[in-house]
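Since we're looking at a predicted model, the values are computed, not measured. Below, read A as the first sequence line, B as the second, and so on, with proteins coming before strands; counting in each chain starts at 1.
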Number of protein chains: 2
Amino acid sequence: MTEPLATGATIGILGGGQLGRMLSVAAARLGFRTHIYEPAARPPAADVAHAVTTAPYEDEAALRAFASAVDVITYEFENIPTAALDLLEAHRPIRPGRRALAVSQDRIAEKDFLTGLGLSTAPYAGVDSAQDLEAAIARIGTPAILKTTRLGYDGKGQARLRAPADAAAALAAMQGAPAVLEGFVDFSHEVSVIAARGPGGEVAAYDPGENVHRDGILHTTTVPARLSPAQRSDAVLIAARILNALDYVGVLGVELFVTAQGLLVNEIAPRVHNSGHWTQNGCAVDQFEQHIRAVAGWPLGDGKRHSNVVMTNLIGEEIEQVPGLARESMCALHLYGKAEARPGRKMGHVNRVNGPARG
Amino acid sequence: MTEPLATGATIGILGGGQLGRMLSVAAARLGFRTHIYEPAARPPAADVAHAVTTAPYEDEAALRAFASAVDVITYEFENIPTAALDLLEAHRPIRPGRRALAVSQDRIAEKDFLTGLGLSTAPYAGVDSAQDLEAAIARIGTPAILKTTRLGYDGKGQARLRAPADAAAALAAMQGAPAVLEGFVDFSHEVSVIAARGPGGEVAAYDPGENVHRDGILHTTTVPARLSPAQRSDAVLIAARILNALDYVGVLGVELFVTAQGLLVNEIAPRVHNSGHWTQNGCAVDQFEQHIRAVAGWPLGDGKRHSNVVMTNLIGEEIEQVPGLARESMCALHLYGKAEARPGRKMGHVNRVNGPARG
């Protein structure tokens, strides 16, 4: 697929959550149709998609039918089973490509990749045994955090080590899964860069946003972030280096720690990212449309913003704040249409437009 | 229906064109589902709607099933057959209400209503015969324009009279339909006000936009419009007076001529309006969401804009400009997913974000 996708073509999206939902709306804005593939019933994306397949990732017939109904395939989450990807890729291009998925599905592969590019990360060491862990602690020290190498959700598969004595309990919490010990980083704040790359190698980045987490879940992203001009350009250059090294197509999220020694890469996400939701009300082309443009081989938006924005997630019962938020001036609501407000569940977000772009 | 509609409820929309499409996206942003009723196959709104009924407005069973599947009904165009409205209204509330439709479906009823409120319009007179027309010309003079009283599309059902001698030909062009003679107005430019009213009487207006037409179709809307502060407040007060007089619920578009003698009302549209598309990239709450908020009994956005915007329609083959437009900075694309670019057909629009709100 080298020609730009024509208006009216169908973009297949693996995953029907809120990211798939907002990708679907952005695709429609460019005249594309979307087809969602999602195992769970009544996914949020179904309300705004042209077609939906409800089937598990093990259903080869459903995967084949999905692939033949779409022109290109993208995804809203990175934990897609490899066998499903193999089958789909035999029929249609998958964007972003497999390399980005392989790297981001495994914490050690990701850190090896990043350090191989000359980028800084937290100190880390693979841990498969008590012996490994002892050696890792000796090198990295405590406090530290032990994580399964495959991605967990919302802080699951993680154990903190305040002191070397916590080693046995932390290892037990991994339940025998391969793990990685990460040293704590002394950082002042976290920022993230949302950047995109097209199939021709064109790269565009949004201004970095500053993230605040609460209970392990993103709470707010504020743009502009507190960064010096040099840090800001470093942040964007780091994202561009990652995009080019992966021969990436689509939007990528890069979380960075701001430290006295410079920027450290915390994590990359090969997809649109919660910390990029502010672009919906700060830019003429938001991260969702930017991803669709890249996947479709269209020209990328340049990432310029017209307004400063503070994005705040609505988690669980925070959705009950909506009647008050709806009365607030310059407050844009983005609700996901989820029926049940379970604790920790992302129900929506608001973008508060915070004056013209400055800083 | 006095309680605000709960997230997850379904809003029925009569008409599946681009306005229904953008209403559907706005409804989803608030967590609502939409169900489109549209006689034509493959309507643009279907790509982003939860459900679609494809049936004519004469199909009573389909209308009944549609009404029972939705919580409230709204529409994207005003020429809905009366019998269909009667049937639907027996089952579910229709917003905006019947009075607004009755007034806006008939040019004489509309002008009588407006002048009855003390608002100015072009001079007009009903014409059912050659005798009527002669009397009307004697009073109004020429140049003038003869129009069928029921709404035409894109300048159809209209005939210009440069001189009294054109009377016979103009009358023949009406093909026996009831008509109205409208005097020409000496205006410097046209502006429109997009305003909304909630079920509790709350009113909110966006800043007026300045409209330029080409071949009888809206070409651009520029915000801010060239208006003095007094004219701007007059424009908004005119819209508010109309909304209140109609006990209106939803978004209304009011086209105004700017003349040396003040503002004249050209036309009202009981729906979201092409000249309000700029709000998508100029405001935190756009006209589509504002309409859904009103119809759902939610608090209205306050209409403030964060950015100046120039909206340009893409008509017919102008859709071929998209690759170039996609490369332009601060240019937001809104394409309707229509397969065929027929002459005069609205294929999409762009909003050029033109700096922070000023003026």
Proximal component of [X], with respect to chain A [non-hydrogen, under 4.5 Å]:
X	answer
Val322(B)	side chain
Pro323(B)	backbone
Ile319(B)	neither
Ala49(B)	backbone

Rounded distance (nearest 0.5 Å) linking atom CG of Asp302(A) with atom CZ of Arg327(B): 12.5 Å

Reported CZ-to-CG distance for the pair Phe32(A) and Asp47(B), which is rounded to 0.5 angstrom: 12.0 Å

Atom CD of Glu317(A) with >12 non-hydrogen neighbours under 6.0 angstrom: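 Counting neighbours around CD of Glu317(A), 12 or fewer heavy atoms of other residues, nucleotides or ligands fall under 6.0 Å, so no.
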
Which pair of heavy atoms, one from [X] and one from [Y], lies closest together, and at what distance?
X	Y	answer
Leu335(B)	Gly31(A)	CB-N, 4.0 Å
Cys331(B)	Val285(A)	O-CG2, 4.3 Å
His306(B)	Met330(A)	N-CE, 3.6 Å

Min side-chain heavy-atom separation Arg293(B)-Leu333(A) under 4.5 Å: yes

Chain B neighbours within residues 271-283 of chain A, where any heavy atom lies under 4.5 Å away: Asn281(A)

Interface residues of residues 9-22 of chain B facing chain A - non-hydrogen atoms under 4.5 Å apart: Arg21(B)

Greatest number of heavy atom pairs closer than 4.5 Å to chain B - which of Pro356(A), Ser329(A), Gly337(A), Ser24(A): Ser329(A)

Closest-packed option against chain A by number of heavy-atom pairs under 4.5 Å, given Val25(B), Val48(B), Thr34(B), Thr7(B): Val48(B)

